[in-house]
Protein chains: 2
Amino acid sequence: MARTPLREPVAPEIGHTAYRRLREGIASGQFHPNERLVEASVATRLGVGRTAVRAALVRLDQEGLVTLEPNRGARVRLISDREALEIEEVRATLEAMLARRAASRATATDLRDLRLVVVEMRQRVAKNDAIGYSDLNARFHHRIWAAADHAIASRLVGSLKSQSIRLQYQTILRPGRTERSLREHEAIFEALKAHDPELAEESMRAHLAEVQETLKWAIDGLRHAPTWLPG
Amino acid sequence: MARTPLREPVAPEIGHTAYRRLREGIASGQFHPNERLVEASVATRLGVGRTAVRAALVRLDQEGLVTLEPNRGARVRLISDREALEIEEVRATLEAMLARRAASRATATDLRDLRLVVVEMRQRVAKNDAIGYSDLNARFHHRIWAAADHAIASRLVGSLKSQSIRLQYQTILRPGRTERSLREHEAIFEALKAHDPELAEESMRAHLAEVQETLKWAIDGLRHAPTWLPG
DNA sequence: CACGGACAGATTGTCGACATTATTGAGGAT
DNA sequence: ATCCTCAATAATGTCGACAATCTGTCCGTG
């Protein structure tokens, strides 16, 4: 059976440019949480029409990145600490399921690629390159989703991930985290390689439990030294 | 801590009427799968402007009920059999998680309401009222989501449910299904009443495994006697 | 007869204008 | 001094029109 691609090959969708740029702007922090997104201003700033901005806002609202209130406009959604933890919890549940499936279905190619990622991870850890490690981390998980071949779950997990971007760069700053994370990834890889669904699910669950812990740590850190102020 | 409401008290959102009516129309089968949704036609049919229809389509696309291709318009999305099963699988995973949480957090009010639902269910089964039973089934699960107090997961599960509506009315037609379903719900209720997270998760998982089986049965049935034809 | 290009109809994408609605600030009464 | 009223302002919601794009058909050519 042909494997379903994670992203449709051709799906540029509507209001694409405005949507992507707004999304990018929110993710990168150009638009701060709780900031009002006035359609006209955003339109001129992005160099598109108000209609496109509108479509983008509706989509981002549905996606959970902005809140849209009738007659009151749009704001960049501030993901509360509680929501961030809830998101991570759901992500853990779904990724555990995906890991289980991936263990049964992973092809030789999947395993080869995952092995490459793990090898590169070791190098990044040795070089203390946390940013590079973070990218590899994303690639590792993404590869597992592909191997699991579960379009619905993959889409949901990807959507969840984009919502909690705000805290992503905080979590990798925890001292000693990357080393432990590497070991967890190695364990997951070994389970996949052994085609052991039970073990794969369990090691993924353990990994994401650690991530949750780190997230709590990051939240506590931010609580005492916020990088932004509501305004 | 105040429990997060499942739906915000005041959030009529934008393009609300068009969105709701289109969604209703798709769910009730007025718009058939794969049917083209021409903006102008839908607008006149629903008695709203094209702009509202557009916003509704974008939202429904994000939600997965319609597909939106650039310059080629919108179609009612045909959920493939495979996707339907995937959706059910994810739903099972998330609802199992929610049941676990609900077991720990269910209040006396939650349990009283659930008990009422179960009692009513028995009466509907006795009367062979499959439709009424189906409504109660929705109420039962909804109540558990509320008790679990997990906004993110609840939203996702609700969204998933709306996507697989097409087969909903097929599954309840299976002979003897309602009786078994009732017993499964009773088991879940008992687990929640006992505040046993492990048992609640397990009985919910068992229940949804049965639902998955029934779904497969319904799909096989439709394959031999489709109620609609692509056109 | 098959194939390909051009034309016509239909539909979507985008923009601007106007109506509707919330918000803000000043002014006055208590 | 505080609160209420009400107008001014800004932003959103909606509509119609035009341009860009796609689809299907017809006709000419090989």
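Source: prediction; values computed, not measured.
Under the salt bridge (charged side-chain N to carboxylate O under 4.0 Å, His left out) criterion, B:Asp129 pairs with B:Arg124, not counting sequence neighbours. For A:Arg139, the salt bridge (charged side-chain N to carboxylate O under 4.0 Å, His left out) partners are A:Glu120, not counting sequence neighbours. Among residues two or more places apart in sequence or in another chain, the side chain to side chain contact (heavy atoms under 4.5 Å, CB included) test is passed with B:Asp135 by none. Under the side chain to side chain contact (heavy atoms under 4.5 Å, CB included) criterion, B:Ala74 pairs with B:Leu37, B:Leu57, B:Leu68, not counting sequence neighbours. For B:Glu201, the side chain to side chain donor-acceptor pair (under 3.5 Å) partners are B:Arg100, B:Arg205, not counting sequence neighbours. In this structure B:Arg21 satisfies the salt bridge (charged side-chain N to carboxylate O under 4.0 Å, His left out) test with no other residue, sequence neighbours excluded. By the side chain to side chain contact (heavy atoms under 4.5 Å, CB included) test, A:Ser164 is found to be paired with A:Ile87, residues two or more places apart in sequence or in another chain being considered. Listed by chain and residue number, nothing satisfies the side chain to side chain contact (heavy atoms under 4.5 Å, CB included) test with A:Thr51 (two or more places apart in sequence, or in another chain). Take A:Arg174 and apply the salt bridge (charged side-chain N to carboxylate O under 4.0 Å, His left out) test, not counting sequence neighbours, and it matches no residue.
One atom, CZ of A:Arg54, and another, C1' of D:dT12, lie 6 Å apart when rounded to the nearest Å. Nucleotide C:dT14 holds its P atom 13 Å from the CG atom of A:Leu46, rounded to whole Å. Look at CG on A:Leu68: it is 13 Å from C1' on D:dA11, rounded to the nearest Å. The interatomic distance linking A:Arg75 (CZ) with D:dA11 (C1') rounds to 13 Å, in whole Å.
Taking five base pairs at each end of the helix from C:dC1-D:dG30 to C:dT30-D:dA1, the local helix axes there meet at an angle of 10°, rounded to 10°.
Listed nucleotides C:dG13, D:dA11, D:dG13 differ in distance to A:Arg36; the shortest reach to its side chain belongs to D:dA11.
A salt bridge does not link B:Asp149 with B:Arg101: none of the charged nitrogens is closer than 4.0 Å to a carboxylate oxygen. The existence of a salt bridge linking B:Arg155 and A:Glu86 is excluded, since no basic side-chain nitrogen approaches an acidic carboxylate oxygen closer than 4.0 Å.
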What nitrogen or oxygen pairs link the protein and nucleotides 5-8 of chain D at under 3.5 Å?
none

I'd like a table of atom pairs between the protein and nucleotides 16-20 of chain D - only N or O on both sides, under 3.5 Å - with the distance next to each one.
residue, atom, partner, partner atom, Å
D:dA17, N6, B:Arg50, NH2, 3.4

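Nucleic acid contact class of A:Leu57 (heavy atoms, under 4.0 Å, all strands): none.
An OP1 or OP2 oxygen of D:dA11 is reached within less than 4.0 angstrom by no side-chain nitrogen or oxygen of A:Arg72.
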